[in-house]
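Notes to accompany the following structure.
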Amino acid sequence: MESGENGHDDADLDDVRRALAALRDEVHARLAGRAASGAAPAWEDLFERARRSLSTLGMVERSGEVDEFGMDEVVLQRASRVFDFLMDTWWRVETTGLDTNAPPLPSLFVANASGLLPWDGIMIAHAVARARRDAQRPRFLVADWLMTLPFVQPRLARVGGVRACRENAERLLRSGRSVISFPEGVKGSTKSFRERYRLKRFGRGGAVRTALHMGVPLVPVAVIGAEETQPVLFRMTSVARLAGLPFVPVTPTFPWLGPLGLLPLPARWHLRFGAPLDLGALDPAAADDELVIARLTEDLRERLQAMLHEGLREREGIFA
Amino acid sequence: MVSEAVVDAPSCIAITGLDTFAGKRLALRLLARPRPPVIVGLDLRRPWRLEGRIRFHRVDLTSPDAGSRLAELLVRERADAVVHAAFRRDPTPDVDYDHELETIGSLHVLNACAAAKVSRLVWLSSSMLYGPRPDNPNFLSESHPLRGHPDAHGVRNRVEAEGLVESWRRRHPDAGVTVLRSCWAMGPTYDDRVVRHFASPVVPTLLGYDPLLQFVHEEDLLDVIERAVLEGHPGVYNVVGRGVLPLSTLLSLAGKRSLPLAPALFYRIGRWNAERVTGDPPAAFYDYLRWLWVADGERGWDAFGEPAYSTREAWISFVSSRRMRRYR
């Protein structure tokens, strides 16, 4: 070795200096590059934005955190503005029964299904959330076929939709969150315009069973007006099978106006919250008695049907 | 870390599939204990790091006499606990061999355990066995049926193997059997197909789908395995981290780009390449990025304690370790 101890150190130091200088130059160059790219051609910017919105499904602004069912507070907050508009301006939703006989939360809300998209669930959840800011936002159950639809499913989950199944409902109720269910199921949301406001069979009594099992009250909610927002004239099943949907609805506006035809009509809505049906007096063991379940389910269906009839009688007009 | 004083800890632990991530790391952890148990390692290859510190026997689980040879070894070494980790890390194109090793090999191990009257058996399984299904509830409990995936042969083999364990457990009620169903593991050193999928800067995803995913950190997983073998927790447990995150959030946390592919097209085009690499069509893996298959970890957390890392922390631990790797 030619160089002594000191010489060796100097050489090392020089190396370090040179490396640092190179690093500094690179940082400067990159910063300059970034500044220059601010004035990059607009199409590049446009492409990047399109790519981002495609990969985030249009939910560019969101928090880094979701709750266990995939609800995102930031997405919800932004969506709330749209929900407010729909509630106050578009559908002019009138709510009764939320303040007079306020249901204890958590409860299991049971409503008539209307239309393909779960606007009814969103509106009920929004109405309850606005009236009861102290409690956790209720979550609405969504039929299977909608919860498996690409693009639709993640969006619904971010604003509080949950796949309709007993495990999910019980988990939500156990953690103190109310649940909005539509026991008619797919049969309810696909009924045609002629059958509107006539309740179908309430599944196999899952709603009553869940309420009994979890010890929460059942609150019937009559949604009046929603069944006119997307009137289904008839259903196309052959085309639908190709696309993997249960059916394709034919409404006055869809598919004639394209995606625009999916826009719900501005009928006037009325949400009537009924008196809570407390099953607390019943033995929880009744949750295993099929006959009791069937009778309670039929009771609930009749009560909701009566509420619907009453609401329809009092209504002055579909849009008025 | 598992506390030092464990009553009723086994004095000799046999590990099948020693040369796997879980086998090797578990052996090292057990050897680092103040009074280490005797460790009998069983595999085709001896991991060099464990040279001379364990009693290694070369056993081929795909050979027809593996059962009797294994039984003989377990009796001779007086093993009182067996950890079965001899599963493929990733599915391979050799579908028949995978089946011989994972299902028939499991059968041999169970037969040997019965013959040697092993009192404790820890079975490494996966929450992938529940299967990604559009009709899954958001959280799958341990009692949910294992529906697997029709295309994924590795998952199919292990569903079959779990069926064998279940019937074995019923026939041998005095043996404590722990089945650990862990979700995808993440961490600085763990490596498998899932990790490699997420390691690239551009991650293929499915257009229109954004499932909730969960991870468990590798150290939390090893903690649970160690506790299961030392303390004995008979039963079936999901081993997962707390919390769930959408795939899109995971990728943006990591600063990765997603490459959304239309499933209908991609499942057709990607078929040839996927079958060459894994022996399965793309759906076997990508359906796990399409539908829900989140497991409910409550029971496992009650039995084995709170995991140190949440899903987000496990993911960040993986991402940050990969970032540093580029500068090595």
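Numbers restart at 1 for each chain; the letters A, B, ... are given by sequence-line order, proteins then strands.
- Contacts between D296(B) and chain A at a heavy-atom distance below 4.5 Å involve the side chain alone, from C-beta outward.
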TODO: Please report the C-alpha distance between M186(B) and V195(B) in whole Å, then the side-chain angles of each, then the deciding distance to 0.1 Å, and finally whether the side chain to side chain contact (heavy atoms under 4.5 Å, CB included) criterion is met.
DONE: CA-CA 7 Å; M186(B) 283 286 159; V195(B) 167; 4.2 Å; yes

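- Counted by atom type alone, N273(B) and R276(B) present one or more donor-acceptor pairs between their side chains at under 3.5 Å.
- The stretch residues 172-184 of chain A places none of its residues near chain B, where near means some heavy atom under 4.5 Å from a heavy atom of that chain.
- N238(B) places none of its side-chain heavy atoms less than 4.5 Å from the side chain of R299(B).
- Taking 4.5 Å as the heavy-atom cut-off, the residues of residues 300-315 of chain B that approach chain A are R312(B), ordered by number.
- The part of L212(B) that comes within reach of chain A is its side chain, from C-beta onward, which places non-hydrogen atoms under 4.5 angstrom from that chain.
- Residues forming a side chain to side chain contact (heavy atoms under 4.5 Å, CB included) with R268(B) (at least two apart in sequence, or on another chain): none.
- In terms of heavy-atom pairs under 4.5 Å with chain A, the best-connected choice from L140(B), L250(B), L247(B), N136(B) is N136(B).
- Counting only distance, with no hydrogens or angles, the side chain of E167(A) and the backbone of P137(B) share no donor-acceptor pair below 3.5 Å.
- For the atom pair OG (S200(B)) and CZ (R322(B)), the distance works out to 11.0 Å, reported to the nearest 0.5 Å.
- Annotation: the span from L207(B) atom CG to F151(A) atom CZ amounts to 3.5 Å, rounded to 0.5 Å.
- Evaluation of the ring-ring contact (aromatic ring centres under 6.0 Å, His included) rule for H149(B) yields no partner, not counting sequence neighbours.
- Proximity of the aromatic rings of Y286(B) and F266(B) is defined here by a centroid distance below 6.0 angstrom, and this criterion is met.
- Within a 6.0 Å sphere centred on CZ of R204(A), other residues, nucleotides and ligands contribute 12 heavy atoms or fewer.
- The aromatic rings of H197(B) and F285(B) sit perpendicular, their planes meeting at an angle over 60°, well past the 30° parallel limit.
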